[in-house]
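Read the structure below first, then the notes.
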Amino acid sequence: MNKSLTRSIGFWLLLVVSLATTAVGAWLISGQIGTMTTTLLDGTATGVEVYVGQSLVVVGAGVLAAGIVGILLTLGLVAARSLVPTPAPAVVEAIDWTVETDETPAPVAVAPAVDTTPSTDAAPVSDDVATDAVPETAATNDVARTDAPATDAEPDSTPPITR
């Protein structure tokens with residue numbers, strides 16, 4: 001993947017969300033601590049401001065910590081990407097379309113034509129012989145067929161399977 005971090009949507013999304021989370025966490029903490037400090041010093045503090053304020057400070061601290069972890073991950077990605085070397089660009093030479101080649105195409109060997117039509121002179125002896133007969137030609141005698149089924153096993157030599 002030769003994609004830089006500055007062109008990665010995920011990188012920018014991580015950075016922006018981490019910064020926003022850090023800002024929200026800091027705002028929650030500073031707002032609640034400021035409210036608790038002023039009400040406690042004035043002597044006008046209620047139980048809601050004191051006890052709920054403490055819980056909101058803890059929630060704000062968690063949000064702030066998540067934002068800081070995201071920022072550290074972003075910095076770690078930048079450091080890791082800087083350690084990976086960028087590939088050198090490939091040098092491509094321009095093609096000169098005006099030059100003609102002096103190459104001649106290689107001759108192609110053509111196999112002689114073989115007559116594969118069956119002769120009409122011989123009449124079949126019986127129907128069984130006519131369906132089993134295969135006309136012999138030079139092509140079938142010279143080349144062994146590889147798509148024919150194997151004839152190693154006899155069809156009736158296997159014992160029947162009983163259950």
Side-chain angles (χ1 to χ4, degrees), residues 1-111 113-114 116 131 134 139-140 142-163:
M1 182 173 175
N2 294 331
K3 194 174 183 183
S4 68
L5 283 178
T6 58
R7 296 181 52 134
S8 174
I9 293 173
F11 172 77
W12 288 110
L13 189 65
L14 175 65
L15 181 64
V16 168
V17 169
S18 298
L19 289 174
T21 305
T22 305
V24 167
W27 172 74
L28 277 174
I29 292 172
S30 66
Q32 289 303 317
I33 289 185
T35 302
M36 285 188 334
T37 304
T38 56
T39 56
L40 286 172
L41 291 177
D42 291 346
T44 59
T46 63
V48 172
E49 290 172 342
V50 175
Y51 296 114
V52 174
Q54 291 175 1
S55 299
L56 287 177
V57 168
V58 171
V59 169
V63 172
L64 178 70
I68 290 172
V69 167
I71 291 172
L72 291 176
L73 281 174
T74 304
L75 291 175
L77 282 174
V78 170
R81 183 64 185 147
S82 68
L83 294 176
V84 175
T86 57
V91 178
V92 179
E93 296 178 12
I95 299 174
D96 187 10
W97 294 102
T98 60
V99 177
E100 294 183 18
T101 59
D102 294 334
E103 296 178 16
T104 57
V108 178
V110 178
V114 178
T116 59
T131 57
V134 176
T140 58
D142 293 341
V143 179
R145 293 191 51 145
T146 58
D147 60 345
T151 58
D152 294 343
E154 296 177 15
D156 295 329
S157 66
T158 58
I161 299 174
T162 57
R163 294 185 186 230

Interatomic distance, Q32 atom CD to T37 atom OG1 [nearest 0.5 angstrom] |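 One finds 10.5 Å between CD of Q32 and OG1 of T37.
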Quick one: CG on L56 to CD1 on I33, what's the gap to the nearest 0.5 Å?
->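 Separation between the atoms: 11.0 Å.
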R81 and V78, any side-chain heavy atoms less than 4.5 Å apart =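 In short, these two side chains do not touch, never coming nearer than 4.5 Å.
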Enumerate, atom names and distances included, each donor-acceptor pair closer than 3.5 Å involving a side-chain atom of residues 17-26, sequence neighbours excluded.
from	atom 1	to	atom 2	distance (Å)
S18	OG	L14	O	2.6
T21	OG1	V17	O	2.7
T22	OG1	S18	O	2.7
T22	OG1	G67	O	3.3

Residues two or more places apart in sequence or in another chain: which of them pass side chain to side chain contact (heavy atoms under 4.5 Å, CB included) with [X]?
X	answer
T38	none
V50	L40, A45, Q54
V16	none
T44	T39, D42

At their closest point, which heavy atom of W12 faces which heavy atom of S8, and how far apart are they?
->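 Between these two residues, the closest heavy atoms are CD1-O, 3.1 Å.
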Listed partners of S82 passing side-chain hydrogen bond (donor to acceptor under 3.5 Å, both in side chains), at least two apart |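 S82 satisfies side-chain hydrogen bond (donor to acceptor under 3.5 Å, both in side chains) with no other residue.
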